[in-house]
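These notes concern the structure reproduced below.
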Amino acid sequence: MNKKLIELACIIDDDDIYINLIKRVIETKKLCENLIVFKNGKQSIDYFEALLQNLEEDKIPDIIFIDLNMPVMDGWEFIEQFTKIKTKFNKLITLYIVSSSINPVDIDRAKSLNNIEGYLVKPIIIHELENIFNKSA
Amino acid sequence: MIQIKMPPKPIESNIGYLELKNNKIYCSKVFLSDIGYSKKDKNFSLDFFLNNLVHKDDCNQFRNNYFSFIKHNLDFRQSILIESKKGKYSEFVCTTKHDDVNLSNLDTKSKFLFFNKRKFKTNKKVNKHKFYYKEVAEMTSTGSWYVDLIKRKSYWDQQTRRILEYPEDYIPSINKSVSYYPKESFELVKKLFLKCSINGESFNTEIKMLTKNNREFWVRANGKPVFNEKKEIIGVRGVFQDIDETKAKELSLLRTSNIIASQNKRLFNFAHIVSHNLRSHTSNLSLVVELLNSTESKDEKLELINSVEDIASSLNDTIEHLNEVVTIQTSTNKSKSLVKFSESLKRVKISIGQIITKNRAIINSDFSEIDTINYIPAYLESILLNLITNSIKYKHPERDPIINIKSYIENSKLVLEITDNGIGIDLEKFGDKLFGMYKTFHYNKDAVGIGLFITKNQIEALHGEINVFSEVEKFTTFKITF
């Protein structure tokens, strides 16, 4: 099968167990070529800001999955900061929220932001994740 | 039968009085003529005086005063309307003491009632109005006052004097107005009064006043400017009503509603925490199950089962944390006892002695203002422990931690303040999350995000308050108001 794959996906989450599991899903299902993981919003923003100084096409993710509740810089703040710089990348970067929060306040807030592609509630359903990767590829 | 008698020395002949001696009553000439009678009026008796001459509105009060004076020697002072022979009422101030008479020089068998005639005259119409006014004022506990800005004098009605517990002949003065209010409300009074007397702004406010006996109580105060023909402000007139009882109820209701609101908030928070923190584990568990189902490889299955162990252990941690929180909520009835800050601190220092030495932390304490508090001892230790370890954990990389702890009284509440010289925290960014569960703000591998959450819960469960002040790179202060 000659499936077109996402080059680089990015996961921002502070839950080690979740990261291990999701990595496993992505690897076994071969959903993307490469994967980068950050433990909180601050780490990833630092990464993106460094990228701006030295644009390397293959280091810009095509898709980002971000958790909301994280230490140091939470998902909301990341989205706010990221929105300010994302147009400078000359690349369409799709942003998904992945959170275990089913709090309607969070869900409504995500809906009100127009640069969020979707809000996924944990637990992630594997074939849904597959669909998203295939759609974005 | 009342008899006329020359005043015994040292009573001046111009003083009006009744002398009661051996069941006989003598009347001074001045008093008799003040009410229009003369020596020849033989029917002038005590009964006649009480029943016919004293105005019916004053009669009861006067009788009570009179008999307590005769039987129990209780001094009194009251204003009283007495009818003259011609049927006109004059106002007297009746007292048992007189400034110009030294009673100890008089016959001890005699008792004296002095009647000092008021200079102004009131007509019947005014009296009628005055009656209604008095009734209304008394029934509603409303006093009225006037400040003459030209003469720089202030005037009170009798009800004002009564409410403020001043004697009936007390003359108020502008200079003494600071003594009519407790310190905390005087600034507001000054502001309102100035605005009214300069800009002509009326006011209507609730404020605390102070009686002569230093009792604080709440009043509703209204005031408005008084103008002359040229539209200049010449005075301020106002009324105030004693609303202490209502206000006390209102305040207690407010306190109750605040407690309920804060409990409700904590419950809501707790429900949110439970749902969120448990969900993150259960969702991991579901993912594991899904992966287990989708894989055939035995090795992979084994690995996945290992991660179930991890999930179980972190689920267990979360449950333990939640349990800790529930325990706080339900154990507020745990016995409080008198605890010494210094003792608690000593125990905390011992229990984390290693951490303190390893980090070369210096802990200074000053409990000289107040060292004892009625609190749950375990909570106090837990609070101190959490805040001190917090300060050490987030010490500044370029200097050894110095922690200053002191206790003091502020607004009659006990305050404990803990200040460090650590890295500080950006309150604008994190202020509202600082005390949340599992919130950490620094790259620090021992940051769990439970300490401050527990601390806040412990303090609030006992109706206290914790606030934080900080400057990044400089200091952090936690202020606990018990």
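Keep in mind the model is a prediction, meaning the values are calculated, not measured. All chains are named by letter (A, B, ...) in the order of the sequence lines, taking the proteins before the strands, and each is independently numbered beginning at 1.
- More than 12 heavy atoms of other residues, nucleotides or ligands shown are found within 6.0 angstrom of NZ on B:Lys301.
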* Start with the C-alpha distance between A:Val25 and B:Glu290, add both sets of side-chain angles, then the distance that settles side chain to side chain contact (heavy atoms under 4.5 Å, CB included), and finish with yes or no. => CA-CA 10 Å; A:Val25 173; B:Glu290 221 189 325; over 6 Å; no
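- Side-chain contact between B:Thr295 and A:Thr28 is absent, with no heavy-atom pair separated by less than 4.5 Å.
- Under a cut-off of 6.0 angstrom, the local environment of NZ in B:Lys406 is sparse, with at most 12 non-hydrogen atoms contributed by other residues, nucleotides or ligands.
- Other residues, nucleotides and ligands contribute at most 12 non-hydrogen atoms within 6.0 Å of the NZ atom of A:Lys59.
- Ranked by non-hydrogen atom pairs under 4.5 Å with chain A, the options B:Ser283, B:Ser286, B:Ser294, B:Ser280 are led by B:Ser283.
- Applying the 6.0 Å contact sphere to NZ of A:Lys23 captures no more than 12 heavy atoms from other residues, nucleotides or ligands.
- Within the 3.5 Å criterion, the main-chain N or O of A:Lys122 finds a donor-acceptor partner in the side chain of B:Arg279.
- Listed options A:Ile125, A:Ile22, A:Leu21 were ranked by heavy-atom pairs under 4.5 angstrom with chain B; first place goes to A:Leu21.
- Residues B:His281 and A:Ile17 are not in side-chain contact: their nearest non-hydrogen atoms beyond the backbone lie 4.5 Å or more apart.
- Contacts between A:Asn20 and chain B at a heavy-atom distance below 4.5 Å are absent for every atom of the residue.
- Proximity to chain A at a heavy-atom threshold of 4.5 Å picks out nothing from residues 467-482 of chain B.
- Here the straight-line distance linking atom CD1 of A:Ile126 with atom CG of B:Leu291 works out to 4.0 Å at 0.5 Å rounding.
- To the nearest 0.5 angstrom, B:Ser314 atom OG is 9.5 Å from A:Asp16 atom CG.
- Inspection of non-hydrogen atoms places B:Ser307, B:Asp310, B:Ile311 of residues 305-312 of chain B under 4.5 Å from chain A.
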